[in-house]
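Worksheet for the structure shown next.
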Amino acid sequence: MIQRKVLKNGMTVVFKERKNGVVSLAFAVRQGGRNEFAKDKGISHFIEHMLYKGTPTRNTQKISMEIERNGGEMNGFTSEEVTAYWCKMPSKHLDVALNVLSDMVKNPVFDSKEIDKERLVIFEEMKMYQDNPRMHIMDKIKSLLYMGDFSIPIIGTKESMKSNNQEKLKKFFNRIYSPNNMMLCVVGDADFNFLCDFVEKNFKNKESMIEYPKIKLQNGEKIEKRKGIDQANLVFAYHNPLPNDEKFYAAHILIVMMAGGMSSRLFSEIREKRNLAYAIKGSLEGEKDFSYSQIYIGTTQDKIQHVKKLILDEFKKVNKTLDENELNQVKEQIIGNYLISQEDSHNILMNLIIEEIKGNAQEVEKFIDRIKSVKLKDVKDLAKIKNYSFFALVPE
């Protein structure tokens, strides 16, 4: 059972008990790349980096040592609609985890020298994404699916990163990081009332202002050439119903059916039958205000248009050949994968955070029933791909 409570100070506490001597927890803020205008793009991610750089009572080393020397591990992430700071450790050290993470999200120092140093680190991170063909095409396909602010990668641009100084980061942090825009999610051996009491005592009531630039959809195609690579990397993507739409779960089934493992339709058609690719991977991307599916394939340069046609042809076949038997098999695959993922408390934690961003973490308990309830017609209808985006990075 998932327990959830919005406290008087505005913060939401979400808890799922597991009696196994381990606890995973995160403080998360409902702010990510989706909430940024172009001029500020990447600031949420920059702040995530800076919160590990120290507080008035803990420097970078002390933060990591308190967690790691007590048997834990820690990290953070910034997505489109949430920034989170998490750790996983023996439950007997829950108090250590709470104290360290709460100190980080309340009291960052934003030292100007550290800001300048971390900016260089982020520039290197940008180069890593650029140099990795698979990471690069995932950024590019998003720019073909959306216009304006939302089309820019979460990490931002060199221009927006250069504008991030101490004053700007502090002002942004003070506006965003307040209890009504935050959550504490915990999975493991803990007590819900204790967690609520901790948050009430350590976070004062303060309201924040979150911005929501309009998300503008589009579709496009582009081929980019690059020296020094031997393989053509391509991605095919299309918009889905939003997560609050019941047909979102039909979209989940469709992408798994098409590119979810060695038993998928495209793996069979493109790799096994025709030997045109090694890697064929599908994924569904979406949080609250956006959703799209993407299919990644690595192939030879002269085969990209052929592979693209095979993808489109296979979607057309779904409407003619999909039956209840195949639908039920894919449902069983998704449910089985979901249950396996629940063995790890960290995976449960991530699911709870994303579901809370969508509206209410307790809705995650309905996932299996919603997959089971998807109708054959809904999957067939979604397979009638009318508009899509396509990007390929090919050898020059």
Side-chain angles (χ1 to χ4, degrees), residues 1-30 52 58 63-77 79 82-106 179 182-203 252 287 331-372:
M1 183 181 73
I2 297 168
Q3 294 176 273
R4 177 183 183 271
K5 185 177 182 180
V6 180
L7 305 179
K8 292 180 181 179
N9 62 11
M11 190 179 296
T12 302
V13 178
V14 177
F15 174 60
K16 183 175 179 66
E17 185 176 43
R18 298 186 86 184
K19 294 288 189 181
N20 61 356
V22 175
V23 65
S24 292
L25 68 152
F27 282 98
V29 60
R30 304 169 194 270
Y52 290 90
R58 293 178 172 91
I63 287 172
S64 59
M65 283 186 67
E66 284 193 52
I67 299 297
E68 293 174 357
R69 296 296 168 86
N70 282 296
E73 57 183 14
M74 69 184 306
N75 211 329
F77 69 87
S79 70
V82 64
T83 307
Y85 308 86
W86 63 265
C87 70
K88 182 178 182 180
M89 63 196 309
S91 54
K92 66 180 181 180
H93 297 307
L94 172 62
D95 59 330
V96 175
L98 287 170
N99 286 321
V100 172
L101 292 184
S102 63
D103 189 25
M104 288 170 54
V105 299
K106 288 196 304 178
M182 297 177 70
M183 70 183 86
L184 168 64
C185 286
V186 181
V187 177
D189 194 357
D191 178 79
F192 183 61
N193 291 328
F194 170 78
L195 297 172
C196 292
D197 288 343
F198 179 88
V199 171
E200 289 280 20
K201 291 176 182 177
N202 288 275
F203 290 84
H252 192 149
E287 292 178 22
K331 287 181 179 181
E332 191 65 25
Q333 177 182 348
I334 292 171
I335 293 168
N337 290 341
Y338 174 76
L339 292 174
I340 289 171
S341 75
Q342 301 303 286
E343 288 187 326
D344 189 335
S345 61
H346 179 72
N347 290 337
I348 298 174
L349 181 74
M350 294 299 107
N351 288 340
L352 291 176
I353 291 172
I354 296 302
E355 203 64 42
E356 180 62 30
I357 290 298
K358 293 176 184 177
N360 187 326
Q362 291 171 321
E363 293 293 304
V364 78
E365 295 180 315
K366 300 177 183 178
F367 176 79
I368 292 176
D369 288 338
R370 285 173 172 161
I371 290 294
K372 286 181 177 179

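Throughout, residue positions are numbered sequentially from 1 according to the sequence presented. The figures here come from the full heavy-atom set of this structure, side chains too, leaving out hydrogens, waters and symmetry mates.
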Open item on the list: S345: which residues meet the side-chain hydrogen bond (donor to acceptor under 3.5 Å, both in side chains) condition with it, sequence neighbours left out?
Closed with: S24
Please list every donor-acceptor pair under 3.5 Å in which a side-chain atom of residues 88-97 meets a protein atom from a residue at least two apart or in another chain.
| unit_1 | atom_1 | unit_2 | atom_2 | d |
| --- | --- | --- | --- | --- |
| K88 | NZ | D344 | OD1 | 2.8 |
| S91 | OG | G21 | O | 3.3 |

Task: Main-chain N/O of I2 paired with E365 side-chain donor or acceptor, under 3.5 Å - done: yes
Exercise answer: donor-acceptor pairs, residues 331-339 side-chain atoms, under 3.5 Å, sequence neighbours excluded:
| unit_1 | atom_1 | unit_2 | atom_2 | d |
| --- | --- | --- | --- | --- |
| K331 | NZ | K372 | O | 2.7 |
| K331 | NZ | V374 | O | 2.7 |
| Q333 | NE2 | G260 | O | 2.7 |
| N337 | ND2 | Q333 | O | 3.3 |

Open item on the list: With a 4.5 Å cut-off on side-chain heavy atoms, are V199 and N9 touching?
Closed with: yes
- [ ] Not counting sequence neighbours, which residues clear side-chain contact (heavy atoms from CB on, under 4.5 Å) with E363? List them please.
- [x] E355, N360, K366, R370
Open item on the list: Strictly by salt bridge (Lys or Arg N to Asp or Glu O under 4.0 Å), give each pair with a member in residues 191-203 just once, sequence neighbours left out.
Closed with: none
TODO: Not counting sequence neighbours, which residues clear side-chain hydrogen bond (donor to acceptor under 3.5 Å, both in side chains) with Y52? List them please.
DONE: none
TODO: Using side-chain hydrogen bond (donor to acceptor under 3.5 Å, both in side chains) as the criterion, list what pairs up with D103, not counting sequence neighbours.
DONE: T55, T57, R58, N107
Task: Which residues share a side-chain contact (heavy atoms from CB on, under 4.5 Å) with A28, sequence neighbours left out - done: V82, A84, M183, I353
Task: Partner residues of F15 under the ring pair (Phe, Tyr, Trp, His ring centres under 6.0 Å) criterion, sequence neighbours left out - done: none
- [ ] Sequence neighbours left out, what passes side-chain hydrogen bond (donor to acceptor under 3.5 Å, both in side chains) with R18? Give chain and number order.
- [x] none
- [ ] Check I354, N351, V14, I348 against V364 for a side chain to side chain contact (heavy atoms under 4.5 Å, CB included) and give me the one that passes.
- [x] N351
Open item on the list: I'd like to check the side-chain contact (heavy atoms from CB on, under 4.5 Å) partners of K19; sequence neighbours left out, ordered by chain and number.
Closed with: E17, D189
